[in-house]
Amino acid sequence: MIKEIIFLVLILIQIINCELIYSGQDASFNPDWWQKEIIYQIYVRSFKDSDGDGIGDLRGITEQVEHFSNIGVSAIWLTPIYQTPGVDFGYDISDFERIDETFGTMSDFDNLVVTYHRYGIKIILDFVPNHTSDKHVWFKKSVQRIAPYTDYYIWHDGIKNSEGKRMPPNNWLSVFNSGSAWKWNEQRNQYYLHQFLEEQPDLNFRNPNVVHEIRKALYFWLERGVDGFRLDSANFLFESKDLSNEPKAENNTNMKDTDYYSLNHTYTIDQPETYELHHTWRELLDEYKEKDGSTRLLVVECYSPFNQTMKYYGNSTVPGAHFPFNFMLIINFNRQSNANQLQTLVTKWIKNMPKGMWPNWVLGNHDNSRIASRFDPMLVDGLHMFQMLLPGTPVTYYGDELGIRDTFVRWDQTIDKGALNVGPERYEKFTRDPVRAPFPWNYSIHGGFSYGEKTWLPVSPDYWKDNVQSEEKYKSHLKTYKQLTDLRKKPTFTHGNLHVYTISDWVFGFSRSYTDHPTYVVLINLGSEMEIINLRHIRRSLPEILMVKVSSINSGFVTGNLVSREYITLRPKAALTLTTS
Ligand SMILES: *[C@@H]1O[C@H](CO)[C@@H](O)[C@H](O)[C@H]1NC(C)=O
Ligand SMILES: *[C@@H]1O[C@H](CO)[C@@H](O)[C@H](O)[C@H]1NC(C)=O
Ligand SMILES: *[C@@H]1O[C@H](CO)[C@@H](O)[C@H](O)[C@H]1NC(C)=O
Ligand SMILES: *[C@@H]1O[C@H](CO)[C@@H](O)[C@H](O)[C@H]1NC(C)=O
Ligand SMILES: *[C@@H]1O[C@H](CO)[C@@H](O)[C@H](O)[C@H]1NC(C)=O
Ligand SMILES: CC(=O)N[C@H]1CO[C@H](CO)[C@@H](O)[C@@H]1O
Ligand SMILES: [Ca+2]
Ligand SMILES: [Ca+2]
């Protein structure tokens, strides 16, 4: 009797943990290109070097177009390629309408666009509206108070402290932990605001000329054929007018006073005007769409509190971005996270999106540790199953399709300014160099990335085994990735509903089903023990026998294997996609 009660309770727990969180689309739903495609981020300096200077470039990217048709990717996002002194590797732009010569020429760019479009691949540019380089002619003229540039940036006289010493107008901090976000300029005799590096002065979007210049630059690139923009640091565009001090953050223990996260950024991000500005950019892109019917995409990068992030979607009458990046897998998920936490995270995004909006799943980018290092190299396939088979647009960081790890970069090799700012004791925590290593194409010197003598950052020491050429030859992360990009085109994934399950403490599962199309069940073991799974109580409509459609490299299964729904073994960090057909 007691046994039976326990059994019933167990069943109940399992039923409670199963949730329909997305009811899918009806047959009339015709997904737009950005809902079907995978967005692949190319860190331009590290993808392919065509001229031997050790730095990736546009011609290199053009040469490698077949990599994308090969892996099933049809939208690429290029990190900034505009003219730049390179202090923040392109995120400090000195001319929004020129290509930096490190990357090539405008004709190289045009050629890239033509080539990629011929292959049916869309091109999204990273655009950095919040700030320019201090080498931008606007800034130089602003320093000299030359009209109309005088107020293109945010200038202030500063204040005097009790001893009469000059101080910045408030306590705002730079994101890159260099201390105050205000820098004194001798020539102009005023402070300017820089939320990032001091070489990246913030533009003043309260000045209509600035708004106009940025629109003009966006239009310039639309005319050169780009399919959309990814806006960098979109939440930083406006700061509060009255320059109030920011309060201390709640979680500021173990932080230095100069650490950016020691303050709560209520006055420097997500200001109401920021959302309005995004809406005007969306309108620009929507107008442009009318030329040929093809949507020009707007996605925004913002590491903001959840509710503020959601607001970047706008709503159906006043749309904002097509989507703000979903960074929950970066911010709210780590090696300690269990299945229930993963379920909560999926549910939270999908349920809180404004009506009619579209989800997205970001696993990594050039500011964060790679998935193979942040989690475990063996979990890479499971994370790709998660990202590719849920409703929404997946975003891939270059190299993650190979499951490569961060490359250790010593202090003496460090070039990321944000890391240099904190010194040798703490740089490992802040450096972004390890996630920006050259892409390993093959077994040759520098992994086939460059024929030059040196590369701008060290190539991963694993390149001799983890490279495109080798992963084509055996059951690999690359092959799993390819299977998934292909599988997600099926109607079950474009139209189907979504159930999520916490199957055990460490096994997260979800299923997708759509009318009489095959149902798919994805199982991911986040834990470090083998798990035996019984799906009978979780989803009664499943047939007795299921077929393995995609299996992680460590799973012990291959495509086509049959399993009983009542006894599925899942090794540590292993993942399976099963189907009913
Ligand atoms: C910042 O302040 C808001 C309330 O104004 C609070 O809800 C939030 O948790 C704070 N965040 C941090 C990081 O302290
Ligand atoms: C403190 O909270 C902020 C906002 O929630 C977060 O972005 C930051 O990473 C947190 N810092 C630490 C050290 O936990
Ligand atoms: C976020 O929004 C939800 C629903 O709109 C609300 O219930 C919740 O209190 C908000 N959270 C914060 C931290 O503002
Ligand atoms: C959409 O957003 C705008 C601007 O924030 C707001 O004024 C309007 O009420 C919203 N409409 C709906 C239907 O939520
Ligand atoms: C590796 O790639 C480089 C650049 O594409 C090429 O020159 C080299 O021949 C390749 N090596 C092998 C072994 O295929
Ligand atoms: C992920 C990302 O694009 N991060 C960028 C945010 O903006 C700063 C300043 O422009 C860059 O340094 C980051 O790389
Ligand atoms: Ca080069
Ligand atoms: Ca700003």
Side-chain angles (χ1 to χ4, degrees), residues 42-67 81 86 89-93 99-105 108 112 128-132 139 151-156 170 172-175 181-183 192-197 200-207 210-211 214 231-241 243 246 260 265 267-275 277-278 300-302 304 438-457 459 463-465 467-473:
I42 295 183
Y43 194 73
V44 175
R45 292 178 72 88
S46 289
F47 198 60
K48 183 71 169 73
D49 173 22
S50 70
D51 59 3
D53 69 350
I55 303 174
D57 46 50
L58 296 177
R59 281 184 189 216
I61 294 169
T62 308
E63 280 169 20
Q64 300 298 337
V65 62
E66 285 183 1
H67 179 61
I81 53 176
F89 302 112
Y91 287 89
D92 49 328
I93 299 170
I99 301 284
D100 195 84
E101 58 183 23
T102 315
F103 301 130
T105 62
D108 292 334
L112 186 155
V128 190
N130 179 62
H131 44 266
T132 69
F139 188 70
D151 296 323
Y152 265 39
Y153 297 84
I154 299 163
W155 294 99
H156 197 279
N170 60 29
W172 295 355
L173 292 172
S174 143
V175 175
W182 298 93
K183 167 90 181 166
Y192 65 85
L193 178 74
H194 62 92
Q195 293 220 52
F196 293 86
L197 296 171
Q200 294 168 308
D202 275 53
L203 282 166
N204 174 15
F205 278 97
R206 298 189 195 279
N207 179 339
V210 170
V211 174
I214 295 298
L231 297 187
D232 179 69
S233 306
N235 47 344
F236 291 87
L237 295 177
F238 283 88
E239 297 77 23
S240 94
K241 239 190 221 163
L243 307 183
E246 290 189 320
Y260 180 69
H265 304 290
Y267 299 117
T268 51
I269 60 170
D270 306 319
Q271 303 301 300
E273 299 91 330
T274 301
Y275 297 101
L277 189 57
H278 279 93
V300 302
E301 178 210 37
C302 53
S304 293
F439 189 83
W441 292 97
N442 63 27
Y443 305 94
S444 292
I445 181 156
H446 304 320
F449 163 73
S450 172
Y451 62 78
E453 252 171 58
K454 262 183 82 78
T455 55
W456 78 289
L457 276 173
V459 177
Y463 81 83
W464 60 275
K465 66 177 172 65
N467 63 59
V468 176
Q469 197 180 9
S470 71
E471 292 202 21
E472 291 287 2
K473 297 203 183 106

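Since we're looking at a predicted model, the values are computed, not measured. Ligands are counted one by one from 1 in listed order, and the atoms in each one are counted from 1 as well.
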Q: Over 60° means perpendicular and under 30° means parallel, so classify the ring planes of F47 and F439, tilted if in between.
A: tilted
Q) Among the N, O or S atoms that D57 has, which is closest to the Ca ion (ligand 7)? A) OD2
Q: Ignoring hydrogens and angles, state whether a donor on the side chain of S50 or E63 is under 3.5 Å from an acceptor on the partner side chain.
A: no
Q. Would you call the rings of Y192 and W155 parallel, tilted or perpendicular if under 30° counts as parallel and over 60° as perpendicular?
A. perpendicular
Q.
With a cut-off of 3.0 Å, does N130 put an N/O/S atom close enough to the Ca ion (ligand 8)?
A. yes
Q: Considering heavy atoms of the protein only, find what lies nearest to atom 4 (C) of ligand 5 and give residue, atom and distance to 0.1 Å.
A: G448 O, 3.5 Å
Q.
For atom 6 (C) of ligand 5, tell me which residue out of I445, N442, N467, V468 has the closest non-hydrogen atom.
A. N442
Q) What do we get for H446 next to ligand 5 when only non-hydrogen atoms under 4.0 Å count, side chain, backbone, both or neither? A) neither
Q) Counting backbone and side-chain atoms alike, does G56 have an N/O/S atom under 3.0 Å from the Ca ion (ligand 7)? A) no
Q: Apply side chain to side chain donor-acceptor pair (under 3.5 Å) to the pair W456 and D53, showing each step before the final yes or no.
A: CA-CA 8 Å; W456 78 289; D53 69 350; over 6 Å; no
Q. At the Ca ion (ligand 7), what's the angle from D51 OD1 to I55 O, rounded to 10 degrees?
A. 150°
Q: Return yes when at least one N/O/S atom of F236 is nearer than 3.0 Å to the Ca ion (ligand 8), and no when none is.
A: yes
Q | Side-chain donor-acceptor contact under 3.5 Å, N130 with S233 | A | no
Q | Nearest to the Ca ion (ligand 8) - the N/O/S atom of E239, by atom name | A | OE2
Q. Are any of the N or O atoms of S444 closer than 3.5 Å to those of ligand 5?
A. yes
(Q) Donor-acceptor check, side chain of E246 to backbone of Y267, threshold 3.5 angstrom: yes or no? (A) yes
Q.
With rounding to 10 degrees, what does the angle D53:OD1 / the Ca ion (ligand 7) / D49:OD1 come to?
A. 80°
(Q) Between W441 and H446 (side chain of the first, backbone of the second, donor and acceptor by atom type, cut-off under 3.5 Å), is there such a pair? (A) no
Q. So which of the N, O or S atoms of D202 lies nearest the Ca ion (ligand 8)?
A. OD2
Q. So between Q469, E63, K48, whose heavy atom ends up nearest atom 5 (O) of ligand 5?
A. K48
(Q) Can you see whether N442 engages N467 through a side-chain donor-acceptor pair at a distance of less than 3.5 angstrom? (A) no
